Amino acid sequence: MRTVIFDLDGTLADTSADLIAAANHCFIEMGVGPQLDAVGDAETAFHGARAMLRLGLSRMGDVDETVIDKWYPALLDAYDDNISVHTSLYPGAIEAVESLKSDGFAVGICTNKPSGLAEKLLNDLKIRDIFGSMIGADTLPVRKPDPRPFFAAVDGVGGNRTQSLLVGDTNTDRETSRNAGVPSVLVAFGPAGDTVATLKPEAIIEHFDELLGVSRRLLAD
């Protein structure tokens, strides 16, 4: 079965504002005040909690990895408490998923968000049931760009690994698809914008209404 696997943050949903808020909570607790901007630092948010802490600390002086390790759990707790305050699905995301399913594609999610947080967010957004699989950062001992989480997401929906692709928004997704030997489709409507072209994916979409046609082309029998 042809299969489309989606990244979550920055691909299906714009989660940046809630992620930035969680990071700023940590900086406030440190006694230095907010260090990140919800708009200007949105792209960093999609590279994970440690990336946000690292960026904020760099603006305060030297980056100490032990400080990042210390505050990482606190950031996740703050995010868990307010995971869907400002988060929204990108326009056309669910319509695109439903169109793929109606066309005979299986669909799943492979994210580097911890699985508990991913499940909570998907349920808050009321979209968990439309995906046949959900592989998070801690589902396996490895995470993207290792290809094994991607393959687990494909296997979880009964898909064909050789007839699958990954939809994402960052270099991590591009490298995952390359390591898995499958096509990647990167979205240009996230914070990275048209710069995703530098990653040389097999396809770029400007809106989710392009995804069905692109998937048919890339996974043609």
Side-chain angles (χ1 to χ4, degrees), residues 1-13 15 89-190 196 199-221:
M1 179 181 290
R2 295 174 300 169
T3 304
V4 176
I5 302 298
F6 292 84
D7 174 52
L8 177 53
D9 297 73
T11 300
L12 285 169
T15 57
L89 294 165
Y90 284 111
I94 300 313
E95 292 83 353
V97 173
E98 295 290 8
S99 293
L100 286 165
K101 292 174 67 174
S102 295
D103 204 56
F105 287 82
V107 295
I109 291 175
C110 181
T111 174
N112 275 353
K113 184 188 288 295
S115 57
L117 293 176
E119 293 282 5
K120 181 175 182 177
L121 178 60
L122 291 167
N123 281 305
D124 277 6
L125 296 174
K126 304 186 187 319
I127 62 172
R128 177 61 183 91
D129 291 345
I130 69 173
F131 294 96
S133 63
M134 205 302 294
I135 303 298
D138 51 357
T139 305
L140 301 178
V142 294
R143 61 172 64 186
K144 297 185 296 184
D146 190 292
R148 283 172 283 182
F150 170 80
F151 288 139
V154 175
D155 296 345
V157 294
N160 185 337
R161 293 185 180 186
T162 64
Q163 280 286 290
S164 61
L165 62 80
L166 176 61
V167 183
D169 68 303
T170 66
N171 187 53
T172 297
D173 298 310
R174 179 67 187 102
E175 289 303 309
T176 302
S177 66
R178 182 177 285 115
N179 293 337
V182 302
S184 63
V185 178
L186 297 184
V187 302
F189 44 74
V196 294
L199 303 177
K200 301 187 184 305
E202 280 70 28
I204 296 171
I205 58 173
E206 301 282 348
H207 190 280
F208 266 120
D209 59 13
E210 303 170 52
L211 184 59
L212 177 59
V214 167
S215 299
R216 285 172 171 170
R217 173 173 61 81
L218 293 176
L219 300 180
D221 294 330

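Remember, it's a predicted structure, so these values are computed and weren't measured experimentally. Start at 1 with the first residue, then count along the sequence.
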Do any N or O atoms from the side chain of Asp103 and from the backbone of Ser99 form a donor-acceptor pair under 3.5 angstrom?
no

Between Thr3 and Ser164, is there a donor-acceptor pair closer than 3.5 Å when you use the side chain of the first and the backbone of the second?
no

Atom OG1 in Thr111, atom CG in Leu121: separation rounded to 0.5 Å?
9.0 Å

How far apart are the closest heavy atoms of Pro201 and Ser184, and which atoms are they?
CB-OG, 3.4 Å

Short question: side chain of Asn123, backbone of Arg128 - any donor-acceptor pair under 3.5 Å?
no

For the residue pair Leu218 and Ala203, what are the closest heavy atoms and their distance?
CD1-CB, 4.1 Å

Could you pull out the closest heavy-atom pair between Val107 and Val97, with the gap in Å?
CG2-CG1, 3.9 Å

Nearest 0.5 Å, please: how far is CG in Leu166 from CZ in Arg178?
12.0 Å

Can you give me the closest heavy-atom contact between Met134 and Thr139, atom names plus distance?
O-OG1, 4.5 Å

Stepwise, does the side-chain contact (heavy atoms from CB on, under 4.5 Å) test hold for Phe208 with Leu89?
CA-CA 11 Å; Phe208 266 120; Leu89 294 165; over 6 Å; no

Would you check, one step at a time, whether the test side-chain contact (heavy atoms from CB on, under 4.5 Å) holds for Leu211 with Phe6?
CA-CA 11 Å; Leu211 184 59; Phe6 292 84; 3.6 Å; yes

Take Phe131 and Leu12 through the side-chain contact (heavy atoms from CB on, under 4.5 Å) test and state the conclusion after the steps.
CA-CA 12 Å; Phe131 294 96; Leu12 285 169; 3.7 Å; yes

What distance do Lys126 atom NZ and Ile94 atom CD1 have between them, rounded to the nearest 0.5 Å?
13.0 Å

Point-to-point distance, once rounded to the nearest 0.5 Å, from OG1 of Thr172 to CG of Asp146
12.0 Å

If you compare all heavy atoms of Ile205 against all heavy atoms of Phe189, which two are closest, and at what distance to 0.1 Å?
O-CD2, 4.1 Å

For the residue pair Gly92 and His207, what are the closest heavy atoms and their distance?
CA-CE1, 4.2 Å

Say you draw a straight line from CG of Leu199 to CG of Asn171; how long is it, rounded to the nearest 0.5 Å?
5.0 Å

Looking at side-chain heavy atoms only, is the closest gap between Val187 and Tyr90 below 4.5 Å?
no

Just one of Thr170, Asp173, Asn179 clears the side-chain hydrogen bond (donor to acceptor under 3.5 Å, both in side chains) bar with Lys144, so which one?
Asp173

Are any non-hydrogen side-chain atoms of Pro149 and Val142 less than 4.5 angstrom apart?
yes

To the nearest 0.5 Å, atom CG of Leu117 lies from atom CG of Asp9 at 9.5 Å

Under the side-chain contact (heavy atoms from CB on, under 4.5 Å) rule, what do Leu8 and Leu122 come out as? Steps first, then yes or no, please.
CA-CA 9 Å; Leu8 177 53; Leu122 291 167; 3.9 Å; yes

Which pairs, with at least one residue in residues 200-213 and sequence neighbours excluded, count as a salt bridge (Lys or Arg N to Asp or Glu O under 4.0 Å)?
Arg174-Glu202

